[in-house]
Amino acid sequence: MTADVQKLLDKVRIVLIRTTETGNIGSAARAMKTMGLSQLVLVDPKEFPSAKATARASGADDLLANARVVDSLPQALEGCDLVMGTSARLRDLPWPLLDPREAAEKVLQYAHQPGDIAVVFGSERSGMSNEELDHCHFQVHIPANERYSSLNLAASVQVIAYELRMTLLSADGLDIEQDEEELAGRDAMERFYEHLFQVMQGVGYYRPEQPKLLRRRMKRLFNRPMMTHAEVQIMRGFLSMIEKYLPRS
Ligand code: SAH
């Protein structure tokens with residue numbers, strides 16, 4: 001295994017949202033370490049650190065010691081270029097869907113982008129909400145038994161981490177050099193969306209008191225093509241020109 005594979009594995013953040021069963025955090029850390037992942041981020045965990053998590057980590061306690069604990073999902077995703085949210089449930093307004101193998105291929109495509117890559121997991125009780133999936137470019141679904149599709153949290157971390165490792169190992173030594181333009185990371189896209197909604201509101205097309213569906217659809221539209229930095233700059237320039245014609249609010 002070359003350093004490149006490890007470097008890419010180190011760019012992957014496993015983000016666990018509001019984990020209620022602290023033992024699962026330990027098991028997730030163990031699952032990660034066996035597959036060479038190192039970055040664990042916990043969003044508002046019910047209990048952490050805990051003796052139970054350390055016991056379940058069984059030698060992967062260095063991952064627990066280095067785990068970052070944050071209050072909100074956006075904080076966990078700062079500096080990420082690609083965000084994938086895992087869920088057993090398929091949605092009425094579907095997100096672009098990947099299975100774990102396709103998700104691993106996506107990670108490979110991002111090998112030369114500067115930012116990190118996040119894979120987000122929901123809480124045991126309620127999984128990921130639509131609002132949480134709004135932060136994700138893709139939904140990753142493990143194609144389990146349709147009549148019993150919800151895996152244990154740490155088990156699903158294991159499946160994703162395994163597929164990722166297999167994909168990176170089989171690409172190891174292959175030339176995955178890409179001379180594509182740098183894609184706009186999540187932070188630049190968030191600034192673009194704020195600008196876009198501000199202008200949409202300014203021209204009277206969007207009213208914030210309306211249901212959030214328009215925001216969700218617009219984000220989904222612009223997340224789909226994975227915009228480059230240069231393209232986002234063009235859109236921001238265009239929005240700024242429109243703003244000049246709007247009355248100051
Ligand atoms: N009761 C929850 C299930 C939570 S399972 C619900 O209705 O969604 C805990 C987490 O494990 C999920 O939020 C998801 O991140 C992951 N997970 C479980 N089964 C999965 C599957 N089949 N595909 C993708 N992720 C899954």
Side-chain angles (χ1 to χ4, degrees), residues 9 12-35 37-48 50 52-53 56-57 60 63-64 67-77 80 82-108 116-167 186 216 220 223:
L9 289 170
V12 176
R13 295 183 199 171
I14 297 294
V15 179
L16 307 184
I17 304 178
R18 285 189 308 280
T19 310
T20 50
E21 188 44 60
T22 186
N24 275 335
I25 298 177
S27 302
R30 182 176 185 176
M32 287 171 64
K33 189 167 177 177
T34 52
M35 298 298 123
L37 294 175
S38 56
Q39 283 202 63
L40 177 60
V41 185
L42 306 171
V43 179
D44 191 23
K46 186 157 175 233
E47 190 194 342
F48 186 81
S50 77
K52 198 167 174 192
R56 290 268 205 96
L63 260 79
L64 294 182
R68 212 150 56 80
V69 181
V70 296
D71 295 327
S72 70
L73 183 56
Q75 276 176 287
L77 302 179
C80 284
L82 173 66
V83 182
M84 300 187 278
T86 59
S87 180
R89 276 178 294 137
L90 303 175
R91 311 293 160 129
D92 296 340
L93 181 57
W95 266 256
L97 200 63
L98 304 174
D99 68 30
R101 212 158 285 175
E102 293 165 332
E105 294 290 337
K106 275 279 170 237
V107 172
L108 210 49
D116 278 0
I117 293 150
V119 189
V120 186
F121 295 80
S123 78
E124 296 89 334
R125 204 157 303 154
S126 49
M128 285 188 74
S129 67
N130 282 336
E131 285 67 31
E132 286 161 351
L133 274 174
D134 277 342
H135 294 282
C136 303
H137 298 106
F138 296 96
Q139 177 181 348
V140 183
H141 177 72
I142 300 166
N145 178 354
E146 299 89 40
R147 276 166 295 166
Y148 190 71
S149 64
S150 179
L151 280 78
N152 164 270
L153 173 62
S156 51
V157 171
Q158 187 77 74
V159 170
I160 302 285
Y162 171 74
E163 285 293 347
L164 187 56
R165 187 177 180 80
M166 288 301 283
T167 297
R186 193 193 120 77
R216 180 166 296 152
R220 209 166 293 186
N223 273 343

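In what follows, residues are counted from 1 in the order of the sequence shown. Keep in mind that what you see is a predicted model, and the values were worked out from it rather than measured. Read the numbers this way: they start at 1 and go in the same order the structure lists the ligands and their atoms.
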Original post:
Crowded around Phe48 CZ? As in, over 12 foreign heavy atoms under 6.0 Å?
Top reply: yes
Subject >> Residue pairs, two or more places apart or on separate chains, that pass salt bridge (Lys or Arg N to Asp or Glu O under 4.0 Å) and touch residues 139-164 >> reply: Arg101-Glu163
**OP:** Go through ligand 1 atom by atom and flag the ones less than 4.0 Å from a non-hydrogen atom of Arg125.
**Re:** 1 (N), 2 (C)
Subject >> Val140 and ligand 1 - part of the residue with a heavy-atom distance under 4.0 Å >> reply: backbone
**OP:** Apply the test salt bridge (charged side-chain N to carboxylate O under 4.0 Å, His left out) to residues Glu124 and Arg18: give CA-CA distance (whole Å), side-chain angles for both, the deciding distance (0.1 Å), then the verdict.
**Re:** CA-CA 8 Å; Glu124 296 89 334; Arg18 285 189 308 280; over 6 Å; no
Original post:
Among Ser126, Ala155, Ala88, whose heavy atom sits nearest atom 21 (C) of ligand 1?
Top reply: Ala88
Subject >> Approximate separation, where rounding is to 0.5 Å, of Asp44 CG and Thr19 OG1 >> reply: 9.5 Å
**OP:** Starting from atom 19 (N) of ligand 1, locate the nearest protein heavy atom and write down its residue, its atom name and how far away it is, to 0.1 Å.
**Re:** Leu151 N, 2.9 Å
Original post:
Between Gly122 and ligand 1, does any nitrogen or oxygen pair lie at a separation below 3.5 Å?
Top reply: yes
Original post:
How close does the nearest protein non-hydrogen atom get to atom 15 (O) of ligand 1, and which residue and atom is it?
Top reply: Thr86 OG1, 2.6 Å
Original post:
For ligand 1, does Ser149 get within less than 4.0 Å through its side chain, its backbone, both, or neither, judged by non-hydrogen atoms?
Top reply: backbone
Subject >> Heavy-atom nearest option to atom 24 (C) of ligand 1, drawn from Ser87, Ser156, Ala144 >> reply: Ser87
**OP:** Look up atom CD1 in Ile25 and atom CG in Leu40, then write down how far apart they are to the nearest 0.5 Å.
**Re:** 7.5 Å
**OP:** Inspect the surroundings of CZ in Arg13 and state if more than 12 heavy atoms from other residues, nucleotides or ligands are less than 6.0 Å away.
**Re:** yes
Original post:
Pick from His137, Arg216, Met84, His141: which one makes a side chain to side chain contact (heavy atoms under 4.5 Å, CB included) with Trp95?
Top reply: Arg216
Subject >> Shortest protein heavy-atom distance from atom 8 (O) of ligand 1, along with the residue and atom involved >> reply: Arg89 NE, 3.2 Å
Subject >> Nearest neighbour in protein (non-hydrogen) for atom 23 (N) of ligand 1 >> reply: Ile142 N, 2.9 Å
**OP:** Quick one: look up the protein heavy atom nearest atom 3 (C) of ligand 1 and list residue, atom name and how far away it is.
**Re:** Ser150 OG, 3.3 Å
Original post:
Which distance, rounded to the nearest 0.5 Å, do you find between the CD1 of Ile17 and the OG of Ser126?
Top reply: 9.0 Å
Original post:
Can you find a non-hydrogen atom of Ser123 under 4.0 Å from ligand 1?
Top reply: yes
